[in-house]
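Report on the structure given below.
Labels below follow one simple rule: chain letters A, B, ... track the order of the sequence lines, proteins then strands, and each chain is numbered from 1. Not measured: the values here are computed from a predicted model.
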There are 2 protein chains.
Amino acid sequence: MKLDEAKKQFIQTWGTLGSEWGINRTMAQVHALLLISSGALCTEDIMQELNVSRGNANMNLRELMNWTLINKELVPGDRKEYFVAEKDIWIIAKTIARERKRREIKPVLKVLNSLKEIEGDKKDKEIKAFTETVGNLSNFVDKMDKSVDMMLKADENWFFGAILKMIR
Amino acid sequence: MKLDEAKKQFIQTWGTLGSEWGINRTMAQVHALLLISSGALCTEDIMQELNVSRGNANMNLRELMNWTLINKELVPGDRKEYFVAEKDIWIIAKTIARERKRREIKPVLKVLNSLKEIEGDKKDKEIKAFTETVGNLSNFVDKMDKSVDMMLKADENWFFGAILKMIR
DNA sequence: TCAAACTTTCAATTATTTCTGAAAGTTAAA
DNA sequence: TTTAACTTTCAGAAATAATTGAAAGTTTGA
């Protein structure tokens, strides 16, 4: 396969995966493009490669910076901003895990905890079903949360080493 | 807090989380409703509780059955279909992991593998950047995939036990 | 200080996803 | 059979999310 065709397919695939996981398709595509580029790209480059407007490119670049998945890079003698993506997949994975945890899991945990105590007869079938499910869920999400914390502290080889050792 | 208010909040929260992770809000809400119900519910119940149309309720119930997160339940002497959700959070988590893996990760892995071989000068900067990123990514997704496989085979206590032991 | 180069904003538009509800389809008891 | 109870389908409507592009804002070098 030719490089250009492969790039297109990669960008397209990554964009689709992103939108299946609740990430704006274009944001995923911009990220994909930067991931496979050898050097830094400017807004203009991204507009051209992905056929998107200036506003769209700008907004998604900004968002990727909020996620700390990409960085600005200054080119001496040029006023334009250039962007590079972090290339280390382990760091990327940890960054995404950290961000989604912070933005999405933490708020849910807070709500779940606030729902553990319900007024009324503890023997009531409906109340029992509710508190039981909420309790189990809160418990489970807590454990998941702690597992992610561990992964965030770990080193890639150590982590996958330990995980894969568990299979044997 | 009163049960009714708590139920509403739970359903709302779960729906929001679902849509942040690429799952139809109503599907997540129907699932939430069944998760905290003590008994089986019929389509009519769900339409009322969630204020959705018959078509919508039906479609999302069917989809939840495709995910094997809920089951039909027959009530003797009643022609209506009733639905119950699997309540074991560990089983639910494994089911979701299995399904997303099958539907979303597997296809991506296939594409990534097909993109590993690129025509042209292996020393070329662009080609090198591309094959390196794709290679690393494919490698990483592979390891993730295997980790999920392990989790799918594991028992909850054993799994979290082993994971949490890794921290110490 | 000016103006060119560049970035950001945002109201309006477009695209995508989801939902509705009536009609068609199915099933089972009489 | 027939028919009433129930489920499924799907075209159009509504809701939501993403995108555009021109104007406003900012920065920098001369």
(request) Identify, with sequence neighbours excluded, every residue that meets side-chain contact (heavy atoms from CB on, under 4.5 Å) alongside Lys125(B). (result) Ser38(A)
(request) Share the residues that join Tyr82(A) in a hydrophobic cluster, the rule being Ile, Leu, Val, Met, Phe, Trp or Tyr side chains under 4.5 Å apart at the heavy-atom level. (result) Val75(A)
(message) With the threshold set at under 4.0 Å for non-hydrogen atoms, list the residues of residues 48-67 of chain A touching DNA chain C in residue-number order.
(response) Arg54(A), Gly55(A), Asn58(A), Arg62(A)
(request) Provide, to the nearest angstrom, the distance between the CZ atom belonging to Arg79(A) and the C1' atom belonging to dG25(D). (result) 13 Å
(message) Assess whether a salt bridge exists between Lys8(A) and Glu5(A), defined as any Lys/Arg side-chain N lying under 4.0 Å from an Asp/Glu carboxylate O.
(response) no
(request) Determine whether the side chains of Gln12(B) and Thr16(B) contain a donor N or O and an acceptor N or O closer than 3.5 Å. (result) yes
(request) Anything under 4.0 Å to a heavy atom of chain A counts; send over the first and last such nucleotide of DNA chain C, read 5' to 3'. (result) dA4(C) to dT9(C)
(message) I need the residues from residues 21-47 of chain B with at least one non-hydrogen atom less than 4.0 Å from DNA chain D; give them sorted by number, or say none.
(response) none
(request) Apply salt bridge (charged side-chain N to carboxylate O under 4.0 Å, His left out) to Lys143(B) and list each qualifying residue two or more places apart in sequence or on a separate chain. (result) Glu156(A)
(message) Under 4.0 Å between a side-chain nitrogen and a carboxylate oxygen: does that hold for Lys80(B) and Glu44(B)?
(response) no
(message) Contact between Glu104(A) and Trp21(B) at the side-chain level, heavy atoms closer than 4.5 Å - yes or no?
(response) yes
(message) Under a 4.0 Å threshold between the charged nitrogen and the carboxylate oxygen, would Lys87(B) count as salt-bridged to Glu132(A)?
(response) no
(request) Specify the separation, in whole Å, of atom CD of Glu81(A) and atom C1' of dT26(D). (result) 11 Å
